[in-house]
There are 2 protein chains.
Amino acid sequence: MLRMATFCEEIQHLKAAGLRPTRQRLSLARLLFAEGDRHVTAEDLYQEARGAGIQVSLATIYNTLHQFTAAGLLREVPVDTGQSYFDTNTTHHHHFFEPEQGVVIDIPGEAVELNELPTPPAGYDIDRVEVIVRLRRAARP
Amino acid sequence: MLRMATFCEEIQHLKAAGLRPTRQRLSLARLLFAEGDRHVTAEDLYQEARGAGIQVSLATIYNTLHQFTAAGLLREVPVDTGQSYFDTNTTHHHHFFEPEQGVVIDIPGEAVELNELPTPPAGYDIDRVEVIVRLRRAARP
DNA sequence: GTGTTTGCAAAGTGTTTGCAATTTA
DNA sequence: TAAATTGCAAACACTTTGCAAACAC
């Protein structure tokens, strides 16, 4: 989604999310959303931004990732490495996770279906269901 | 499982796992396994141990939780709060997670079934599938 | 006795925060 | 110009580590 976004489209993207299109947010949005679905950590994005000559601080990376997530432009993936992973794909889908490299790969929503959802405890609703398929290196065949 | 474990049973439990039954490990094992299924963070267990008058350091709590996990006595639950959660139930099951309180609740393995598993990327096998059902407070009825 | 385990304090990692300077509308 | 945003550095929370003393076998 948002492949080939132009500058103006990205501005609309942010404004629609209620975020001022500042230089940093625009630059980061273009890195994140220009190239299709991605999974990044704060550090990944920081390195990528600096590599691209974008002047931005790590604190702003964190702020921006959380603001984008709150605005529904990103989703956080619950992997239990120390770091937070953010996913540019906010549609219904799940994840493979390879712990050694820390690689996250999308699984299309249709590829995993639950037969029935468990009844939540009284007083609670189901917010969403996350399926993480943990991978390990295949045994020699 | 391991309800009502006696001292000697706990020693066997550790020895079977290849761990020397030291005073600290025994005390922690009894806290963890005497009372049925539990979900604890390192800090939880540390406070509980100190409250019970068990002399143990936080570093040892961390060591022990990881050793127990490596030995298959515990499982880590992939929730993305900053902390690590350890589960004394190592059988096939899944979890509810309530982010505001940080509460983890077991879902029996049979209550959630996947219709089919996605094919892992080449060179990888599926290690295990984790289903986290995120809860939010119910809207006023 | 020998190798393992423990505890402490220090270091490490990832993330958040306070606040002055800057930018946006 | 008023309000929002940024960057820096310091603070933070959680976890790991190095090493000497204590312990298990």
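Quick note on labels: first sequence line is chain A, next is B, and so on, each numbered from 1. The model shown is predicted, which means the values in this text are computed figures rather than measured ones.
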Asker: Could you say whether B:Gln24 or A:Glu43 is positioned toward the 5' end of DNA chain C, judged by the nucleotide with the nearest heavy atom to each?
Answerer: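 Here B:Gln24 is the residue nearer the 5' end.
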Asker: Just so I know, are the side chains of A:Glu48 and A:Arg38 near enough to count as touching, which here means a heavy-atom distance under 4.5 Å?
Answerer: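 Of all side-chain heavy-atom pairs linking A:Arg38 with A:Glu48, at least one is under 4.5 Å.
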Asker: Give the rounded distance in Å between these two atoms: CD of B:Gln67 and P of D:dT16.
Answerer: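 My rounded result for the distance is 12 Å.
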Asker: Does a side-chain N or O from A:Thr60 land closer than 4.0 Å to OP1 or OP2 of D:dT6, or not?
Answerer: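 Result: no.
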Asker: Just checking, is any N or O donor in the side chain of A:His39 or A:Asp106 under 3.5 Å from an acceptor N or O on the other one?
Answerer: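 Result is yes, a qualifying pair exists.
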Asker: Within this structure, what is the CG-to-P distance between B:Leu14 and D:dC25, rounded to whole angstrom?
Answerer: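 Whole-Å distance recorded here is 11 Å.
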Asker: Would you indicate, yes or no, if D:dT15 has its OP1 or OP2 atom less than 4.0 angstrom from a side-chain nitrogen or oxygen of B:Ser84?
Answerer: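 So the side chain of B:Ser84 is within the cut-off, an N or O lying under 4.0 Å from OP1 or OP2 of D:dT15.
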Asker: Going by modelled atom types, is there a donor-acceptor pair between the base of D:dT5 and the side chain of A:Arg20 at under 3.5 Å?
Answerer: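 No, no donor-acceptor pair under 3.5 Å.
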Asker: Among C:dT5, D:dT15, D:dA9, which is the nearest nucleotide to the side chain of B:Thr22?
Answerer: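 Shortest atom-to-atom distance from the side chain points to C:dT5.
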Asker: Below 4.5 Å, heavy atoms only, C-beta onward: do A:Ile132 and B:Ile132 meet side chain to side chain?
Answerer: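 Answer no - side chains too far apart.
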Asker: Is there a side-chain contact between A:Phe33 and A:Leu74 in this structure, where contact means two heavy atoms from C-beta onward sitting under 4.5 Å apart?
Answerer: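 Answer yes - side chains close enough.
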Asker: Can you tell me how far P of D:dT5 sits from NE2 of A:His66, to the nearest Å?
Answerer: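 Between P of D:dT5 and NE2 of A:His66: 16 Å.
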Asker: In whole angstroms, how far is the C1' atom of C:dG14 from the CG atom of A:Leu45?
Answerer: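 To the nearest whole Å, that distance equals 15 Å.
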Asker: Just how far, in rounded Å, is P of C:dC8 from OH of B:Tyr62?
Answerer: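 Interatomic distance, OH of B:Tyr62 to P of C:dC8: 16 Å.
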Asker: Using 4.0 Å as the upper bound for N to carboxylate O, is an ion pair formed by A:Glu130 and A:Arg75?
Answerer: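 Counted as a salt bridge, because a side-chain N and a carboxylate O are separated by less than 4.0 Å.
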Asker: If you find the nucleotide of DNA chain D closest to A:Asn63 and the one closest to B:Ala42, which residue's nucleotide is nearer the 5' end?
Answerer: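 That would be A:Asn63.
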Asker: Are there runs of at least three consecutive Watson-Crick or G-U pairs touching DNA chain D, with each pair's two distances under 3.5 angstrom? Give them by first number.
Answerer: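 Result, WC/G-U stems under 3.5 Å: C:1-25 with D:1-25.
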Asker: From C-beta outward on B:Pro21, which listed nucleotide comes closest to its side chain: D:dC25, C:dT24, C:dT6?
Answerer: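 Closest of the options to the side chain of B:Pro21: D:dC25.
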Asker: Tell me, with the steps shown, if B:His13 and B:Leu73 meet side chain to side chain contact (heavy atoms under 4.5 Å, CB included).
Answerer: CA-CA 9 Å; B:His13 197 187; B:Leu73 271 42; 3.8 Å; yes
Asker: Take a 6.0 Å sphere around CZ of A:Arg137 and say whether it holds more than 12 heavy atoms from other residues, nucleotides or ligands.
Answerer: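 No, CZ of A:Arg137 has 12 or fewer neighbouring heavy atoms, counting only those of other groups under 6.0 Å.
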Asker: Can you tell me the distance, in whole Å, between the CZ atom of A:Arg25 and the C1' atom of D:dT5?
Answerer: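 It works out to 6 Å between those atoms.
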Asker: Between A:Arg23 (CZ) and D:dG7 (C1'), how many Å, whole number?
Answerer: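 Roughly 11 Å, once rounded to whole Å.
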Asker: Please report, rounded to the nearest Å, how far the C1' atom of C:dC8 is from the CG atom of B:Leu58.
Answerer: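 Taking atom C1' of C:dC8 as the reference, CG of B:Leu58 is at 11 Å.
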